[in-house]
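Each ligand, and each atom within it, is numbered from 1 in the order the structure gives. Quick note: residue numbers are just sequence positions, from 1.
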Amino acid sequence: SKVKDMSAEVVDSNPYSRLMALQRMGIVKNYERIREFSVAIVGIGGVGSVAAEMLTRCGIGRLLLYDYDKVELANMNRLFFRPEQVGMTKTDAAVQTLSDINPDVVLEAMYGCSCDPYSSLVKDHQMDDSYTLNITTLQGFETFTSSLKNKTFCPSKEGSGVDLVLSCVDNYEARMVVNQACNEMNQTWMESGVSEDAVSGHIQLLVPGETACFACAPPLVVASGVDERTLKREGVCAASLPTTMGVVAGLLVQNTLKYVLKFGQVSPYLGYNALKDYFPTMEMKPNPQCSNTACLDRQKEYILAKPARDAAAAKA
Ligand code: ATP
Ligand code: ZN
């Protein structure tokens, strides 16, 4: 009977059948392509860890994970990490959980030391300061950019070896470093953030040369000359809510899915104001006076490539 057929579909134990339904229902043309994509996530904290879990459950091909911190008991007001993981590096703890959830995803936890990234579950890593990766150090930046260039997962990929970089860090310095690396490598990325009072957040798409880069339009706190590190040292304890961080992670990964699988409209910027349920959107053009020289190079290339873009658009 009709009822029986429907229940048979509902109890289908293959987790991918629900994802493949997106294709049957005409939302996504070829969902299976998700397995070809690599995403780098910088900062495996309140937003980054949840984004990593979502992409893992969606069946992404490969995730590269970067973080310089360890799991603390103080992180339990967020999602994802568990109390028994306290003391592990966030990247190791993430690989542990994510590989259980979906063993098909290639997971690469990046280290500051020369340890083999594939042996992340081996217990006897040297637990010194060189173990975790700080992308703002000279050596960390080097490791970060060279890991993005690695094309072993998909040798035919143009440009870098990843399709997208997601920035889920909580400070200006690290965001500027992701911006620098992506401008230099002509790498599309998405930035995310949650405010210090925990009731608003945003995501933003950054395409070098085409949209504003992170240095094109510096946030207000920087424009006013306040040093973020001084603010932090004054003992200001930032608020945090798992709800806002979960919403921002969801918006970030939704935009990621739309970007890689080419469905719907990829959001150039989406804000979230929890107090007013307000979701502002906007588009930001690159600044021809940007202080970042790699950004200016990408802007010139983008203008020079306009005739080719127009011709391609006319063809389509
Ligand atoms: P708190 O708000 O208590 O400081 P947190 O540091 O975990 O918590 P989140 O916003 O949850 O902050 O996550 C941001 C993540 O980005 C953290 O896990 C942090 O370790 C990571 N991170 C920030 N800067 C860097 C950096 N330069 N290199 C690598 N990881 C970074
Ligand atoms: Zn710029």
| Of all the atoms in ligand 1, which lie at a distance below 4.0 Å from a heavy atom belonging to Asn134? | 26 (C), 27 (N), 28 (N)
| request: Select one of side chain, backbone, both or neither to describe which atoms of Cys168 lie under 4.0 Å from any atom of ligand 1, heavy atoms only. | output: backbone
| field | Check: Tyr68/Thr137 side-chain N/O donor and acceptor closer than 3.5 Å | value | no
| task | Keeping the roles fixed (side chain from Arg175, backbone from Val169), state whether a donor-acceptor pair exists under 3.5 Å. | result | yes
| query | Can you check whether Cys290 reaches Gln299 side chain to side chain, under 4.5 Å on heavy atoms? | reply | yes
| task | Would you indicate whether Glu84, at its atom CD, is surrounded by more than 12 heavy atoms from other residues, nucleotides or ligands within a distance under 6.0 Å? | result | yes
| query | Quick one: are Leu55 and Phe37 in side-chain contact, heavy atoms under 4.5 Å? | reply | no
| Does any N or O atom in Gly46 lie less than 3.5 angstrom from one in ligand 1, N or O only? | yes
| task | Check if Glu72 has a non-hydrogen atom at a distance under 4.0 Å from any atom of ligand 1. | result | no
| SG (Cys213) to the Zn ion (ligand 2) to SG (Cys295): angle, nearest 10 degrees? | 110°
| field | Interfacing atoms of ligand 1 (cut-off 4.0 Å, heavy-atom, Ala174) | value | 24 (N), 27 (N)
| query | Which ligand 1 atoms does Arg78 reach within 4.0 Å, using its non-hydrogen atoms? | reply | 1 (P), 2 (O), 3 (O), 5 (P), 7 (O), 8 (O), 9 (P), 11 (O), 12 (O)
| task | Can you figure out which of Asp170, Asn171, Val42 has its heavy atom closest to atom 6 (O) of ligand 1? | result | Asp170
| task | May I ask you to list the atoms of ligand 1 that are less than 4.0 angstrom from any heavy atom of Asn75? | result | 7 (O)
| Atoms in ligand 1 with a heavy atom of Thr136 nearer than 4.0 Å | 27 (N)
| request: Would you mind telling me if ligand 1 is within reach of the side chain of Lys90, the backbone, both or neither, using heavy atoms under 4.0 Å? | output: side chain
| query | Taking distance alone, with no angle check, do Met245 and ligand 1 share an N/O pair under 3.5 Å? | reply | no
| said: Tell me the contacting part of Val47 for ligand 1: side chain, backbone, both, or neither, using a 4.0 Å heavy-atom threshold, strictly below. | reply: neither
| query | Got Val42 and Phe144 here, is their nearest side-chain heavy-atom distance under 4.5 Å? | reply | yes
| said: If only side-chain N and O atoms count, and only distance matters, is there a donor-acceptor pair under 3.5 Å linking Tyr111 with Asp92? | reply: yes
| task | Find out whether Glu283 and Thr211 are in side-chain contact, i.e. whether some heavy atom of one side chain is under 4.5 Å from a heavy atom of the other. | result | no
| field | Atom indices of ligand 1 within 4.0 angstrom of Gly43 heavy atoms, with elements | value | 15 (C), 16 (O), 21 (C)
| Do any nitrogen or oxygen atoms of Asp67 lie less than 3.5 angstrom from nitrogen or oxygen atoms of ligand 1? | yes
| query | What do the steps show when you test Asn75 against Lys90 for side chain to side chain contact (heavy atoms under 4.5 Å, CB included), and what is the final call? | reply | CA-CA 10 Å; Asn75 298 135; Lys90 289 183 179 177; 3.8 Å; yes
| message | Go through it in stages, so that I can follow the logic: the residues are Glu53 and Leu98, the test is side chain to side chain contact (heavy atoms under 4.5 Å, CB included), and I'd like the CA-CA distance, side-chain angles, deciding distance and then a yes or no. | response | CA-CA 6 Å; Glu53 178 173 347; Leu98 301 176; 4.1 Å; yes
| query | Any idea which atoms of ligand 1 are less than 4.0 Å away from a heavy-atom of Leu133? | reply | 28 (N), 29 (C)
